[in-house]
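Quick caveat: nothing in here was measured; it's all calculated off a predicted structure. Side-chain atoms are counted along with the backbone in the values below, which use heavy atoms only and exclude waters and symmetry mates.
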Amino acid sequence: MIHSSSPAPSPIRTGNQSSNATDAPPYQATRRTFRQRLTLRCHQAINLISLKFKSREAILLRAAATGDVPLIRRLVRHHHIVSSNTVGVGVELEDAAAKAAAHGKAEALELLLEFGAFPNNALAGENLLIPPKRMFDERGGHRQHHVTEKLTPEIVRILLNNVHIFPEVTIRLGDTEGHYLHFTPKELINSNPGNKNREEICKMLVSHDQVDVNTEISFYQTGAFALSSKVNQSFYQHPRSTFVHVNFLGQTLMFDNFGLAEHLLTDQTLDPGLPIGTGAAENLLIIFMDKYSKGCFHKLNQRFDILLNALRDKIANSNAFRNQVLASENKLFKQQFLTLFAIRHQDRYDLSPADFQHLNCDQLNDKILDLFLNISYEAPPDYHRLYPNPLPGYDS
């Protein structure tokens with residue numbers, strides 16, 4: 001989804017390759033260690049014995065989970081197992097593909113996709129979670145890992161290279177208070193800071209030409225999901241909604257995925273003002289200011305200036321964001337907007353939203369309009385001229 005000014009010619013597509021298939025070389029089997037070879041041979045021996053006692057469907061699932069490629073090929077070719085959405089026509093190849101993906105068996109996954117399995121269930125882990133799984137335990141204190149969060153970059157690359165992939169498939173998981181959350185894979189993986197591959201995988205997902213970077217998630221203010229983000233300030237809740245709404249850019253900041261945030265801000269289709277009228281724009285600023293006030297950006301060092309300027313540039317060029325901040329009756333939204341454009345660097349003398357509390361909505365709008373008029377799209381505004389006498393900021 002990262003677009004260049006001069007698009008390259010479309011590659012020739014064959015078989016099950018998608019339009020993104022040239023982004024990375026196809027999977028190549030790596031050399032296995034002696035232990036891996038021994039483990040595979042043991043699995044293959046057990047699989048062959050199990051053929052006498054279990055159904056072909058069960059054996060195919062076991063072969064996919066253990067990466068037994070010869071047995072998968074034998075079962076599919078000799079017994080004519082085909083992909084089907086009709087219950088009772090043997091095991092679906094989608095089930096086996098989901099099993100192979102969940103266990104990181106790249107060769108098995110590629111073979112199953114070649115035989116006609118569709119990749120969407122493997123990406124969403126759909127067939128492995130019936131009924132839908134809770135995202136947190138009963139007490140709401142411990143996050144349970146979803147199958148999709150265990151995918152490796154290698155597996156995701158194979159799935160995204162398939163012509164039938166729909167990377168925005170919905171994943172439904174239970175939050176506390178009986179509410180269900182709806183994620184796309186990029187949102188679910190991004191929301192788990194414990195996933196060591198999340199930045200790499202999310203970048204792969206958002207770079208796919210079928211992925212919308214302007215999606216949002218909604219959740220209860222007091223639910224376990226909201227508490228897991230460790231955002232200390234209260235989220236903004238739109239008067240016409242019972243939920244909190246956060247767009248995907250806000251989510252990257254919410255869960256400290258700053259590398260992904262930088263990547264998103266280079267995407268020409270990203271609009272920080274979308275979706276309109278849900279409170280997502282307000283929450284983007286709330287999350288940024290919360291992270292800023294707690295010093296979460298310090299580890300970025302000089303990269304923070306790049307992130308900050310890119311965010312301001314995106315907001316300044318967003319008609320949706322501009323219209324919402326001017327039309328809003330939420331004074332904090334306006335105050336945080338002005339604060340964002342007053343920040344020079346991680347400095348204790350920067351302004352904070354409290355420095356604008358003495359202004360009413362009309363006065364705040366006047367300052368916002370003046371700021372827009374003074375913004376140069378060639379270079380950042382002169383913040384020293386706009387705010388000549390900075391007052392003590394968050395750390396005072």
Side-chain angles (χ1 to χ4, degrees), residues 1-2 18 20-21 23-33 36 64-65 67 97-110 113 119-126 128-129 133 135-136 142-162 165-171 173 181 183-213 215 217 225 228-230 248-267 296 299-300 303 307:
M1 175 119 8
I2 308 300
S18 74
N20 289 55
D23 292 349
Y27 169 77
Q28 294 179 350
T30 54
R31 294 183 61 184
R32 297 188 180 93
T33 64
Q36 289 172 328
K99 186 72 74 172
H103 287 80
K105 304 303 180 182
E107 284 185 277
L109 175 61
E110 280 203 315
L113 293 174
N120 298 329
N121 289 345
L123 181 61
E126 182 176 333
L128 303 181
L129 295 172
K133 184 179 179 181
M135 191 170 191
F136 298 90
H142 177 68
R143 175 166 177 156
Q144 302 182 97
H145 294 289
H146 185 271
V147 176
T148 297
E149 298 173 274
K150 300 179 181 180
L151 297 179
T152 65
E154 182 180 47
I155 293 297
V156 174
R157 184 175 296 111
I158 292 171
L159 294 171
L160 292 180
N161 281 344
N162 189 279
I165 189 66
F166 178 63
E168 292 287 77
V169 60
T170 300
I171 301 171
L173 292 175
L181 305 173
F183 299 91
T184 61
K186 69 180 187 297
E187 291 167 328
L188 178 60
I189 295 171
N190 170 71
S191 68
N192 182 7
N195 186 336
K196 64 179 181 180
N197 296 313
R198 68 167 180 157
E199 180 179 330
E200 180 180 358
I201 290 177
C202 286
K203 284 181 179 179
M204 293 165 59
L205 289 167
V206 300
S207 297
H208 194 279
D209 55 13
Q210 293 186 44
V211 169
D212 181 7
V213 295
T215 55
I217 52 175
F225 180 79
S228 71
S229 70
K230 297 181 175 58
F248 187 53
L249 178 59
Q251 294 167 49
T252 64
L253 301 174
M254 183 176 172
F255 293 100
D256 297 341
N257 199 348
F258 302 134
L260 178 59
E262 291 175 327
H263 183 77
L264 273 180
L265 289 167
T266 66
D267 191 325
C296 295
K299 58 186 176 183
L300 295 180
R303 288 172 53 198
L307 174 65

Sequence-distant partners of N197, side chain to side chain donor-acceptor pair (under 3.5 Å), two or more places apart: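 Partners of N197 under the side chain to side chain donor-acceptor pair (under 3.5 Å) test: none.
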
Testing the basics here: between [X] and [Y], what is the closest heavy-atom pair and its distance to 0.1 Å?
X	Y	value
Q251	T215	NE2-O, 4.4 Å
A101	L151	O-CD2, 3.6 Å
A108	A64	CB-O, 4.1 Å
L173	H146	CD2-CD2, 3.5 Å
N192	R198	O-CD, 3.4 Å

Heavy-atom side-chain contact between [X] and [Y] under 4.5 Å:
X	Y	answer
I158	L113	yes
E262	E199	no
K230	P193	no
L188	L181	no

Partners passing salt bridge (charged side-chain N to carboxylate O under 4.0 Å, His left out) against R143 (at least two apart in sequence or in another chain):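 R143 satisfies salt bridge (charged side-chain N to carboxylate O under 4.0 Å, His left out) with E149 once adjacent residues are dropped.
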
Going by the rule salt bridge (charged side-chain N to carboxylate O under 4.0 Å, His left out), which residues pair with K150 if we only count those two or more places apart in sequence or in a different chain? none

If the condition is side-chain contact (heavy atoms from CB on, under 4.5 Å), which residues does N120 pass it with, not counting sequence neighbours? I165, F166

Restricting to ring pair (Phe, Tyr, Trp, His ring centres under 6.0 Å), what partner residues turn up for F248, sequence neighbours left out? none

Quick one: list whatever passes ring pair (Phe, Tyr, Trp, His ring centres under 6.0 Å) with F136, sequence neighbours left out.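 With sequence neighbours excluded, F136 shows a ring pair (Phe, Tyr, Trp, His ring centres under 6.0 Å) to no residue whatsoever.
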
Residue from V147, T148, L123 passing side chain to side chain contact (heavy atoms under 4.5 Å, CB included) with I171: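 One option only clears the test, and that one is T148.
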
Given F255, which of N190, N195, L260 fulfils the side chain to side chain contact (heavy atoms under 4.5 Å, CB included) condition? N190

Any sub-3.5 Å donor-acceptor pair from K133's side-chain atoms to H145's backbone N or O? yes

